[in-house]
> 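Provided herewith is a single structure, encoded as structure tokens, for subsequent inquiry.
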Amino acid sequence: MQTWASVDVPRLAGGGPPLRLHDTATGRVRPTAPGATALMYVCGITPYDATHLGHAATYLAFDLVNRVWRDLGHDVHYVQNVTDIDDPLLERAARDQDDWVVLGMRETALFREDMEALRVIAPRHYIGAVEAMDEITELVAKLLAAGAAYRVEDPEFPDVYFDSSVTGRFGYESNYDEATMRRLSAERGGDPDRPGKRHPVDPLLWRMAREGEPSWNGSADIGDTGVATAAGAGDLGAGRPGWHVECAAIALNRLGPQIDLNGGGSDLIFPHHESGAAHAEAFTGVHPFARHYTHAGMIGLDGEKMSKSRGNLVFVSKLRASGVDPSAVRLALLAGHYRTDRPWTDALLTEAQGRLARWREATALQTAPDAADLVARLRTHLADDLDTPAALAAVDAWAGEALERRGRDAQAPALARDAVDALLGVAL
Ligand SMILES: Nc1ncnc2c1ncn2[C@@H]1O[C@H](COS(=O)(=O)NC(=O)[C@@H](N)CS)[C@@H](O)[C@H]1O
Ligand SMILES: [Zn+2]
């Protein structure tokens, strides 16, 4: 699937401290240590109701990771999926008498536009589940052949499930207890009460075709996997994939068995990232799949999480259409810490618009206070688990001094502008 156009990222002299990020699996903020090329997989949208401010806040958080790693001299191999086939998409298409393919394409196009407007650096690989169907069926077939998956005893629909006990460490990513896992599995698309499952939280890998549902033939070339293939393992039979396996297949095939960061909002901690990690580790034998599992807090509206199911959504495209500068939206969302569940308010936007105007005025001056110190502060704050409130305050302080005409450095305005662009992604 085509990705979107990325903005240039100015190169800044010097370098900052290593990026430290919160990792859900260990519950700690600890240093990332990517190689020359940082490997990052951030889950993409299920393409309807795109792009609301919750989506935007989460993708902005990982855009900052991308920018900090680049500032530290790493290349970043960023991969993102589009869940362009799944129950919620089919349900929304049915509700609106829409063709689910058209709905997905329309919303994905809008998402790309919004990401470009927010100056989010595009993933190098932007992959839809449908276009990755062969990869997905191959992974499911190999898990089945290896005995890491099984079919439920259901003569009508012998669906394929992952055996969550095979890695011996299911739950290490979320650290949730059994009861929490069952509850969240039921709330987020799972079927813990389905008869015939070995374990209630075993995730669905392949849903056999139902009347009136789209399906794919499920044949997979599993080659010589070196394991005794269970009867019919190479051919799943017509159906469609479960939600989690697409991310495991897409990430494994482009980034390899171990990545630096698997990211998303906190509602992906379980079952999604737990299951995806288990699928990957059962297949590769490499643990952990991701060295960091990092999750962004939920953006709310009127006291509730902004979510499609609630319909309390504020859209990037609607704000843009009403003339709001996308950089103000970006600044408004960066004003809170990425891991904090926080509300969207009009005041947040108004404040950001004022901040943006002041920063632009300050960087338009002929001279300003030395900005080298500002660059160092920005690097230090962002390296500290993306402390954007402190980072924004540092720019506020520099801009305040500049606007009181207390600076004589002719290079400072341009340096400050480049630093705010490179590290915060905000165009002044
Ligand atoms: N209110 C919210 N605040 C912050 N992030 C949110 C909010 N709602 C959704 N997200 C995040 O936005 C991203 C896309 O969400 S989504 O459209 O529902 N899609 C999915 O979760 C799957 N397609 C991931 S493979 C996810 O990382 C999700 O956690
Ligand atoms: Zn995902």
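In this text, all values refer to a predicted model and were calculated from it rather than measured experimentally. Counting starts at 1 for both ligands and their atoms, following the listed order.
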> Which protein heavy atom lies closest to atom 19 (N) of ligand 1, and at what distance to 0.1 Å?
T46 N, 3.1 Å
> Under 3.5 Å, is there a donor-acceptor pair linking the side chains of Y41 and N81?
yes
> Any N or O on G44 sitting closer than 3.5 Å to an N or O of ligand 1?
yes
> Cut-off 3.5 Å, side chains only: do D385 and Y338 have a donor facing an acceptor?
yes
> Would K308 count as a cation-pi partner of Y48, with NZ or CZ less than 6.0 Å from the six-membered ring centre and within 45° of the ring normal?
yes
> If we only count heavy atoms from C-beta on, is the D71 to R11 side-chain gap below 4.5 Å?
yes
> Show the atoms of ligand 1 that are less than 4.0 angstrom away from any heavy atom in L268.
21 (O), 26 (C), 27 (O), 29 (O)
> Are H337 and D387 close enough that a side-chain donor and a side-chain acceptor fall under 3.5 Å?
no
> Could a heavy atom of Y48 be found less than 4.0 Å from some atom of ligand 1?
no
> Against heavy atoms of C43, which atoms of ligand 1 measure under 4.0 Å?
24 (C), 25 (S)
> Say whether T26 and R30, considering side chains only, have a donor N or O and an acceptor N or O under 3.5 Å apart.
yes
> Does any donor atom in the side chain of N312 or E304 lie under 3.5 Å from an acceptor atom in the other side chain?
no
> Would E246 count as being in polar contact with ligand 1, using the rule that some N or O on each side must be under 3.5 angstrom apart?
no
> For G264, counting its heavy atoms only, list the atoms of ligand 1 lying under 4.0 Å from any of them.
27 (O)
> Is the positively charged end of R198 above the ring of Y161, judged by distance under 6.0 angstrom from the centroid and angle within 45° of the axis?
no
> Please report the shortest heavy-atom distance between H272 and C247, naming the atom on each side.
NE2-SG, 3.4 Å
> Looking at ligand 1, does any of its N/O atoms fall within less than 3.5 Å of an N/O of G54?
yes
> For the Zn ion (ligand 2), does an N/O/S atom of C247 lie at less than 2.8 Å?
yes
> What is the closest protein heavy atom to atom 27 (O) of ligand 1, and at what distance does it sit?
G265 N, 3.0 Å
> Against heavy atoms of K308, which atoms of ligand 1 measure under 4.0 Å?
16 (S), 17 (O), 18 (O)
> To 10°, measure the NE2(H272)-the Zn ion (ligand 2)-SG(C43) angle for me.
110°
> Are any of the side-chain nitrogens in E91 or R95 under 4.0 Å away from the carboxylate oxygens of its partner?
no
> Decide whether an N or O pair under 3.5 Å exists between T58 and ligand 1.
yes
> I'd like to know if the side chain of T24 pairs up with that of H295 as donor and acceptor (distance under 3.5 Å, no hydrogens or angles considered).
yes
> Quick one: look at I45 and ligand 1, take heavy-atom pairs under 4.0 Å, and tell me if it's side chain, backbone, both or neither.
both
> Atom 8 (N) of ligand 1: which protein heavy atom is closest, and how many Å away?
H52 CE1, 3.4 Å
> So which protein heavy atom does atom 1 (N) of ligand 1 come closest to, and at what separation?
M306 O, 2.7 Å
> Say whether S266, considering both its backbone and side-chain N or O atoms, lies within less than 3.5 Å of an N or O atom on ligand 1.
no
> Looking only at the side chains, is there a donor atom on one of W243 and D87 sitting less than 3.5 Å from an acceptor on the other?
no
> At what distance is the nearest protein heavy atom to atom 14 (C) of ligand 1, and which residue and atom is it?
Y59 OH, 3.3 Å
> Numbering the atoms of ligand 1 from 1, which are under 4.0 Å from a heavy atom of C247?
25 (S)
> In terms of ring plane angle, is the pair Y172 and H287 parallel, tilted or perpendicular, where the classes change at 30° and 60°?
perpendicular
> Check each atom of ligand 1 against the heavy atoms of T83 and keep those under 4.0 Å away; list them by number with element.
22 (C), 23 (N), 25 (S)
> Between the side chains of E246 and T83, is a donor N or O closer than 3.5 angstrom to an acceptor N or O?
yes
> Below 4.0 Å from any atom of ligand 1, is there a heavy atom belonging to H244?
no
> Indicate, as side chain, backbone, both or neither, the part of K305 found under 4.0 angstrom from ligand 1 when only non-hydrogen atoms are considered.
side chain
> Would you check if there is a donor-acceptor pair between the side chains of Y150 and D202 at a distance under 3.5 Å?
yes
> Could you identify the single nearest non-hydrogen protein atom to atom 12 (O) of ligand 1 and state the distance to 0.1 Å?
H55 CD2, 3.4 Å
> So, is N81 polar-close to ligand 1, with some N/O to N/O distance under 3.5 Å?
no
> Would you mind listing which atoms of ligand 1 come within a distance below 4.0 Å of any non-hydrogen atom of H272?
25 (S)
> For the 3.5 Å polar cut-off, considering only N or O atoms, please tell me whether I299 and ligand 1 meet it.
yes
> Number the atoms of ligand 1 from 1 as they appear, then name those within less than 4.0 Å of a heavy atom of D267, with their elements.
28 (C), 29 (O)
> Return yes if a side-chain donor-acceptor contact under 3.5 Å exists between T167 and E281, otherwise no.
no
> Can G297 be said to touch ligand 1, with heavy atoms closer than 4.0 Å?
yes
